[in-house]
Amino acid sequence: MSTPFYVSPQQAMADRAEYARKGIARGRSLVVLQYADGIVFVGENPSRALHKFSEIYDRIGFAAAGKYNEYENLRIGGVRYADLRGYTYDRDDVTARGLANVYAQTLGTIFSSAGEKPYEVELVVAEVGETPDGDQIYRLPHDGSIVDEHGSVAVGGNAEQISSYLDQRHQDGMTLAEALKLAVQALSREPNGGEREIPAERLEVAVLDRTRPQQRKFKRIVGRQLARLLEAGGAATEAESSDENSEDSSDEE
Amino acid sequence: MDFLSVHQPEILPGNRQLPPTQGVIEAPHGTTIVAVTFPGGVVLAGDRRATMGNVIAQRDIEKVFPADEYSAVGIAGTAGLAVEMVKLFQLELEHFEKVEGAQLSLEGKANRLSTMIRSNLGMAMQGLAVVPLFAGFDVDRDRGRIFSYDVTGGRSEEQGYAATGSGSIFARGAMKKLFRDDLSEAEATTLVVQALYDAADDDSATGGPDVARRIYPIVTVITDDGFRRLTEDESSEIARSILARRLEQPDGPRAALL
């Protein structure tokens, strides 16, 4: 009879975290940014059918990086939670905070239960408010913690580098085209410092637009509309690029 | 909803046990709903009265609801149950759309509503029936369609126009004489208000336009742009122009004799 090796709890948890992080890092990154009229989700996704972003409820959107079947499971759970809440009480009683808490509980339980493998996912739950001050963005890493984010957030493979890039450049009150442009720039950064081109057909873009007249604020941006926005963002930044350069140099001094 | 029936069956309408009762339970009833198709869409409208026996229970009840972006339900029958049924129906369509990433077909929606009415059969036999009218724009076939139901959940597609509720006989008579294949959207909205006026004329449970209180029928239009409810100004405009004509001709427009 063999005696099992003793593994310290710290080591066991560290191994599980390492496993989950590696799984998440294999996937492409995605970013979530606040802009003047709402929140925009941008990610690289070659698939038209398997979405990284989706609608949970009227004002709540969901973004996930990592393993598809695992986050799809969580997404459907979230839709059920939100719909049941809204039906039993009122549509206003469904909040991103409540949903984020449920996700945190689920992820935390799975992460620390010895019988299951940890989920290799990192989620973002965002809610668009009546005004930019009311916007909420929560990031939920694999271990079930909740991070309250402002302005911009990146999850997935190259997240640290992308989020520091975004933190430096993101401003409040950007237009959608500007925010989209910034998001694509951030996503196209390689870990080794280089840049690559992401064609429009590989981009998945969705918004929570507070100016939408419908109750449900989530909308996917595809096809012509996406091309138009990318063009608008490109034109605007080119026009400003000379000013920006001079500003940059003055900052450095 | 399958998930709900396992998870929390008590909040589904069909799963409630009724205490045995004698006779009919008094509860507010909604009355007349009418629908008309026109090239490019469909119009669904309802009067604003709810009655309880001989009493007018509510003057400004709303009985026409959007089911989702491309369809709407108008309800006649027990108001409380009907409103709950519509709420559950809306929830189901939205839930399906979010989980599957695609909308149900119009036919699928109509069938789903049929099942929900059937689950209410026990209540219906105690006098608490719900009989909706379902109208929507079929995106695949590119035209408006109307489905009517009976208390047992029997579903039938109606061509051109349909009505349900206590005033439906009179409304249908009016629509039969006024309906044409080539109505414009504006003509179709006028037609439904005419039909509701005729229903209110002959049926005590149907409310006509209430000019003093500014309560006008609810008129909704569904086209390929989606669901739209006419604003109060728009529907009052239609009702007032009809009223003005009826001052001269109380029975409304005359159809040709031959």
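We name chains A, B, ... by the order of the sequence lines, and we start the count at 1 in each one. All of these numbers come straight from a predicted model, not from anything done at the bench.
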**OP:** Examine A/K67 relative to A/Y119 and say whether NZ or CZ is less than 6.0 Å from the centre of the six-membered ring and inside a 45° cone about the ring axis.
**Re:** no
**OP:** Carefully, step by step, assess B/K63 and B/I218 under the rule side chain to side chain contact (heavy atoms under 4.5 Å, CB included).
**Re:** CA-CA 8 Å; B/K63 296 182 281 189; B/I218 292 180; over 6 Å; no
**OP:** Would you please say whether a donor-acceptor pair under 3.5 Å links the side chains of A/E120 and A/Y19?
**Re:** yes
Original post:
Does one side chain, of B/S105 or B/D140, offer a donor that lies under 3.5 Å from an acceptor on the other?
Top reply: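 Not at all, the side chains of B/S105 and B/D140 share no donor-acceptor pair under 3.5 Å.
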Which answer fits [X], side chain, backbone, both or neither, if we ask what part of it has an atom under 4.5 Å from a heavy atom of chain B?
X      : value
A/Y57  : both
A/R91  : side chain
A/R216 : side chain

Subject >> Pair A/R28 + A/E44, salt bridge at N-O below 4.0 Å >> reply: yes
Subject >> Choice from A/R80, A/Q214, A/E72 maximising heavy atom contacts with chain B below 4.5 Å >> reply: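 Heavy-atom pair counts peak at A/R80.
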Subject >> Heavy-atom contact with chain A under 4.5 Å, split by part of B/Q90 >> reply: neither
